[in-house]
Amino acid sequence: MPPIELKLIIEALLFCSEKPLSVAQLQQQLVMRASDCSELTDPVDVPSNMQNTLSGMQGLVRHELESAAVEPVVTVYGQPAQVPIPLATADEICQALSALQSDYQGRGVQLQEVASGFRFQSSIEVTPWVLQAKSQKAPRYSRALLETLAIIAYKQPITRAEIEDVRGIAVSSHIVRTLQERDWVRVVGHKEVPGKPALLATTRGFLDYFNLRYLQDLPALADLRQPVTEATDITV
Amino acid sequence: MPPIELKLIIEALLFCSEKPLSVAQLQQQLVMRASDCSELTDPVDVPSNMQNTLSGMQGLVRHELESAAVEPVVTVYGQPAQVPIPLATADEICQALSALQSDYQGRGVQLQEVASGFRFQSSIEVTPWVLQAKSQKAPRYSRALLETLAIIAYKQPITRAEIEDVRGIAVSSHIVRTLQERDWVRVVGHKEVPGKPALLATTRGFLDYFNLRYLQDLPALADLRQPVTEATDITV
Amino acid sequence: MSASLAVQQVITLHQDIDLNQSSSIEEIPEMEIFALINGQPLRQMPQDLYIPPEALEVFLETFEGPLDLLLYLIKKQNLDILEIKVAEITRQYMDYVALMEAFQLELVAEYLVMAATLGEIKSRCLLPRPPGAEADEADPRQALIERLQNYERFKKAAEQLDHLPRCEREYLPINLPRPLQADIAEILPTILLEDLLSAFKEVIERAGLYEHHHIFREPLSIRERMTRILAALQRQALLPFAEVFDVKEGRQGVVVSFIAILELIKESLIEIVQAALFAPIYLVAKTGIACDAPD
């Protein structure tokens, strides 16, 4: 088994991790589990011996690592290792992380530090292409909202009380707020009557949404095909 | 916003994909995403190598494009948007893929082509270290399972009775079920003999798992030799 | 067969494996399990030591059926499959089967079928051949040899398959989480223009105002102008009268603007102010500066 740069192990580990990993977590995970360290120099010395590569491993452990291509877990007399040997200091891990961060500059993925640690994620520039497909359907607006919007569009400027007059039912503040938040309706003034109610009108955003240039491009009510039973009403 | 390289988009798509992606699937994803990206990406910034004519597209992607051409107004977050659909030809995607493959040479992760497409995976040298860090053991498979799988792989399509004939012992239902659950083996038909037994064959998932592109990439099966026929050689 | 003979047989099998360490990599761990029963290596075990049936079962499980056992026996003799000595192999095979019976293990039917097959081959080999018919006479072992060869091919293929670099061992898949669309923007409902019109139609019908529908088309431009004037008055307290009119809109545009102003005055929404005679005329919102807060 050829010596592996610590950076590459961290790289793969972060890519294969479901959650961000902190430096402490990385340090905790980057260990060799050996129950017999007698062949090693003092375990404390291991990290400094190893620098950025694991080539510094000596004796039994090194031999085991090279032969065990599949499982680098150190076994001693067939027993799984018990005492984990740290592979790197926090400093070395930090160095590897910042090296990785610069390696991935300008790539489609980048190493990002978030609250709980480091993780690879798609770069901002390519995010639109990687966005999770819309799993949920867009919600639908209520009939009341549609009617309110229609009345404002056709009879603007109009107060809420006047809308309620036409609809014959109260207009909830929620509907008016939703229409304002979508930038379809806004307050254009206040009527000189007791209470000075707000006058609502449609916005440019409303016209844009419906691909209209002017308000008069809105279909005339007569354009709406009437059901046969109501045909006589049209001529009224 | 600077133009986005096609390579980087593909890089991020592959890193974020659960399964390997074929060139055709990448093309399709680019078309699908394109409509969602209009708001976030100025159409002018769409890389020139993505603004290709429809003639370069094929199959499903082409179909998608044609339907898109009929209705060019796409809705982005409820806003109408008329956008040129950024596209890439299969050739351009292949070029980007091979560029990525060389970019990731000698890194902790690599771009591998398998039966169902391209995927990023941990590099072979690094994997043992990652497994150890995650305290994971590579799964082992029983000889019975591996022999059954090998017989299906080399002699597909094959019935269970025929497998049992080769092995000289019954094949447990458990093994067949495990192979099917792992999506390595599936029923591809039924043999026209009494009882109409199921014909088993391997899947793309099997090739993917074993890092193969085609069935013929499997190691060659040993030749059958003719037995010595001289009667005098028979030692009773 | 006596129990002590059976034990001897097991020991023989075990020792064979010890001597042939390289013969099969896979079988060795299982053999070790067998050897470590009661914490003692089996080769140091006295002949009368009781072997628990479970140990034999473990041993049995190392063979993938009668063909596998036969291959093992052939290898043990360092023989090529093609030079199989039926009599010898049959005897060893029968000993093994007898051993399993002695330990009252549930013998898999296939082992007994193979025993019968071997017996048949053995007796056919013993039959005298008519002279001159040797060339045509099929080797009685041929079918068995072919099965053994065929099985060995797939046994090897399975080993090769097991050694192929694979997922979860040599390679780990990478699947970074995709950013969610919700992180970028909320999904908002969409409305079709037809929906809007039909909603309006319904409400008008309900309100009994349908008879007025014919006036809607024309006044809309006036209503729009009214909105625009009110909007302008939100930005500036005083809107010069002349600014309301755009000559580029032509006569009709001027008329629309004028009617809009009249309508706004009628609805007490605006006032016309003029500081002095011939001074500029301004439109002022009657309620002053409107605030954007809803209601």
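No hydrogens or angles considered: a donor-acceptor pair under 3.5 Å links the side chains of B:Arg182 and B:Tyr141. Between B:Gln29 and B:Gln25, the side chains place no donor N or O within less than 3.5 Å of an acceptor N or O (distance only, hydrogens not considered). A donor-acceptor contact closer than 3.5 angstrom links the side chains of C:Tyr151 and B:Glu147. Checked by atom type, the side-chain pair B:Gln105/B:Gln101 shows no donor-acceptor distance below 3.5 Å.
Contact annotation for C:Pro165: both backbone and side-chain heavy atoms come within less than 4.5 Å of a heavy atom of chain B. Residue B:Ala12: no heavy atom, backbone or side chain, is found under 4.5 Å from chain C.
No side-chain heavy atom of B:Leu215 sits under 4.5 Å from any side-chain heavy atom of B:Tyr154.
Interface summary for chain C: among B:Leu145, B:Leu149, B:Val166, the most heavy-atom pairs under 4.5 angstrom belong to B:Val166. For the options C:Ala158, C:Cys167, C:Pro173, heavy-atom pairs under 4.5 Å to chain B are most numerous at C:Cys167.
Note on C:Arg147 versus C:Glu110: no salt bridge recorded, every NZ/NE/NH1/NH2 to OD/OE distance being 4.0 Å or above.
Residues passing the side chain to side chain donor-acceptor pair (under 3.5 Å) test with B:Ser173 are B:Arg160, sequence neighbours excluded.
Residue-level contacts of residues 111-123 of chain B with chain C, in order of numbering, are B:Arg119, B:Phe120, B:Gln121, B:Ser122, B:Ser123; threshold 4.5 Å between heavy atoms.
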